[in-house]
There are 2 protein chains.
Amino acid sequence: MVQSSIIPNISVDCVIFAYDKGLLKVLVRKEFIPTAKGVELRYKLPGNHMLFNERMEDTASRTLLEQTGARDIFMSQFSVFSDLDRLMRNADEYSWIKNNGLIHERVVTIGFYSLIKLNQPKKIKLIDRAEWKNVDEAFDLIFDHKDILNAALKQLRIDMLLHPIIFELLPQKFTLGQLQHLFEIILDQKFDKRNFRRKISGMKFLVATEEWQEGVAHKPAQLYRFDKRLYNKHKKENFEFII
Amino acid sequence: MVQSSIIPNISVDCVIFAYDKGLLKVLVRKEFIPTAKGVELRYKLPGNHMLFNERMEDTASRTLLEQTGARDIFMSQFSVFSDLDRLMRNADEYSWIKNNGLIHERVVTIGFYSLIKLNQPKKIKLIDRAEWKNVDEAFDLIFDHKDILNAALKQLRIDMLLHPIIFELLPQKFTLGQLQHLFEIILDQKFDKRNFRRKISGMKFLVATEEWQEGVAHKPAQLYRFDKRLYNKHKKENFEFII
DNA sequence: TCAAAAGTGTTAGAGGTACACCCATGA
DNA sequence: TCATGGGTGTACCTCTAACACTTTTGA
């Protein structure tokens, strides 16, 4: 891809969430920023400038593919960030990215958030310098990327109550305990186990498989899966997901 | 403002809603497009290219001010439109806007929707060629503006259930009948009058004034107002609006 | 045998839904 | 006096919230 095909004033930034070992993770890229005090390690969200022959969704897919090696990842455009000083809040960060030659003084960025299954079925291969960070430990992000992350989380919290997107973070087959726990960590709110399961069991599109957990030091849980077809049938009547 | 300060690839389009005589209106601009068959009357949403020294909200405010003469109008950024052919789906429309000299081949537009009080308290003065159209009669919009309008409506329907924004469309003092009717026409759904009023009366931030409707050919209704302070107090406990 | 999560019912209260009549006003 | 929307109460039912114990497994 040639340099000239880049739209200089528009970029797409991706907030890629994953659920791993009971924690909500976000994908960040390590960057080493030279400052007066020496080289500082900072993080940024993955992103790219939009190309002239791309829709914003294409730029987002390209970024996801580039960072994780995965295609067909769930993504949702949630907000735009256009503050005049968004790249210039910190002089060191700005001169660093300016020196990388990729950037115009004024870049409006379109925020996408993505949900990705870490285990199955697609293999995830992070590129060099990309890493998963716990969402609540991702503070030292450059530019306005912390704002973007917070806005993504806020949108995710709304969307997950209205649409069945939470399953994008879980393996194909999961336990109700995992499902409940994932709700709890994203919403930062505890649910009563029995009430949660009663509500869930009213959802016809959550179907029990004949498989059980293995190798756990407690009573193994039955595995469930999300049935998209059943969901599409039922949502017409039920209007939406609504947990 | 000089031409050179325009960012050529980014625009903001505004879907401005209003409630008038029991109908939901949207502001459109008349455009006369020369075609092989003669001059055709088409409509477009108001919008502007972003300037280099503007945030997207500034571009939106500028557009609102320019079209209606009003400031401090409620607005909300809801989506971005970046399809490659979004300005070129129709050759006549494209050559018309290209001849107006304002446009680059590739423009990504940021969609805002606005809610505006037609009667009070600010005086609305539409500029030439702007007019209110019933939302369900706004079909012949150019470019992808019909898509933008539909997306705005969809977002409005979600937002109005979660946040107390519906009052932005009503006069400062309104009847419960108006409020219910406005819900009904936006959501395209009927509500039971008694149940609606019971629910409403649980909302402490909707306060009855000591004024009544005048000049109506039926029993005059009591006027209510939305109290933002009370809302801000109560929402902490109640989490949100949620109708 | 211990620790850890799975799995399961009941009750009380709150909130939702469905439904019909009289009232005040201007035309 | 008629048409129009305003204003009101009740009964049923569903959903929510709160709560504790037994089971199965690996370590």
Side-chain angles (χ1 to χ4, degrees), chain A residues 19-23 161-162 170-171 173-185 187-225 234-235 237-243, chain B residues 19-23 161-162 170-171 173-185 187-225 234-235 237-243:
Chain A
Y19 178 57
D20 188 35
K21 303 190 191 73
L23 294 167
L161 297 178
L162 303 174
L170 289 167
K173 291 168 187 168
F174 50 85
T175 70
L176 298 186
Q178 286 175 309
L179 180 61
Q180 179 180 342
H181 182 250
L182 186 47
F183 267 109
E184 290 178 341
I185 62 170
L187 296 175
D188 194 25
Q189 187 182 157
K190 284 276 175 195
F191 296 101
D192 177 272
K193 202 195 335 179
R194 277 173 290 190
N195 294 337
F196 182 83
R197 293 164 100 95
R198 180 170 326 111
K199 192 151 190 177
I200 285 297
S201 69
M203 301 178 178
K204 309 283 173 55
F205 47 84
L206 253 186
V207 303
T209 68
E210 287 309 305
E211 292 175 54
W212 273 259
Q213 259 183 326
E214 282 173 15
V216 286
H218 55 77
K219 180 172 174 180
Q222 193 168 13
L223 298 178
Y224 286 72
R225 64 186 177 81
H234 281 273
K235 79 167 170 183
E237 314 152 25
N238 296 359
F239 214 81
E240 274 301 346
F241 184 58
I242 306 272
I243 196 145
Chain B
Y19 179 58
D20 189 35
K21 300 187 192 73
L23 293 167
L161 297 178
L162 303 175
L170 290 166
K173 291 168 188 171
F174 50 85
T175 71
L176 297 185
Q178 286 175 309
L179 180 62
Q180 179 180 344
H181 182 250
L182 186 48
F183 267 109
E184 290 178 340
I185 62 169
L187 296 175
D188 193 25
Q189 188 183 157
K190 285 273 175 199
F191 296 101
D192 178 90
K193 201 196 332 180
R194 277 174 289 191
N195 295 337
F196 182 83
R197 293 165 100 93
R198 191 191 350 270
K199 192 152 189 174
I200 286 296
S201 70
M203 300 179 180
K204 310 282 173 56
F205 47 84
L206 255 186
V207 303
T209 69
E210 287 309 305
E211 294 176 54
W212 273 259
Q213 261 183 323
E214 282 174 15
V216 287
H218 54 77
K219 179 173 173 179
Q222 193 168 11
L223 298 178
Y224 287 72
R225 62 184 179 84
H234 281 274
K235 80 168 170 184
E237 313 151 26
N238 296 359
F239 215 79
E240 274 302 344
F241 184 59
I242 306 274
I243 196 145

Query raised in the report: Which atom names give the shortest non-hydrogen contact between Leu206(B) and Tyr224(B), and what distance separates them?
Result: O-CD2, 4.3 Å

**Report entry** Arg198(B) CZ to dA11(D) C1', straight-line distance once rounded to whole Å
**Finding:** 11 Å

**Report entry** Length of the CD1-P vector between Ile200(B) and dG7(D), whole Å
**Finding:** 13 Å

Query raised in the report: Where the side chain of His218(B) is concerned, which of dG7(D), dT25(C), dT16(D) is the nearest nucleotide?
Result: dT25(C)

Query raised in the report: Rounded to the Å, how far apart are Asn195(B) CG and dG15(C) C1'?
Result: 10 Å

**Report entry** Side chain to side chain, Gln213(B) and Gln222(B), heavy atoms closer than 4.5 Å
**Finding:** no

Query - Rounded distance (Å) that lies between atom P of dG7(D) and atom CG of Asp192(B) - result: 15 Å

**Report entry** Parallel, tilted or perpendicular: ring planes of Phe196(A) versus Phe183(A), cut at 30 and 60 degrees
**Finding:** perpendicular

**Report entry** Whole-Å distance separating the CZ atom of Arg194(A) from the C1' atom of dA20(D)
**Finding:** 6 Å

Query raised in the report: Lys193(A) side chain N/O closer than 4.0 Å to the phosphate oxygens (OP1, OP2) of dT8(C)?
Result: no

Requested in this report: Check whether any side-chain nitrogen or oxygen of Lys199(A) sits under 4.0 Å from OP1 or OP2 of dT16(D), and answer yes or no.
Outcome: yes

Query raised in the report: Closest nucleotide of DNA chain C for Gln178(A) versus for Pro220(B): which of these residues is on the 5' side?
Result: Gln178(A)

Query raised in the report: Can you check the Lys190(A) NZ to dT16(D) P distance for me, whole Å?
Result: 20 Å

Query raised in the report: Starting at NZ of Lys219(A) and ending at C1' of dG26(D), how long is that distance when rounded to a whole Å?
Result: 15 Å

Query raised in the report: Which comes earlier along DNA chain D counting from the 5' end, the contact point of Trp212(B) or that of Ala217(B), where each point is its nearest nucleotide?
Result: Ala217(B)

Report task. Rounded off to whole Å, could you give me the CD-to-P distance for the Gln180(B) and dG7(D) pair? Result -> 12 Å

Report task. Flag the pair Ile185(A) / Tyr19(A) as yes when at least one side-chain heavy-atom distance between them is below 4.5 Å, and no otherwise. Result -> yes

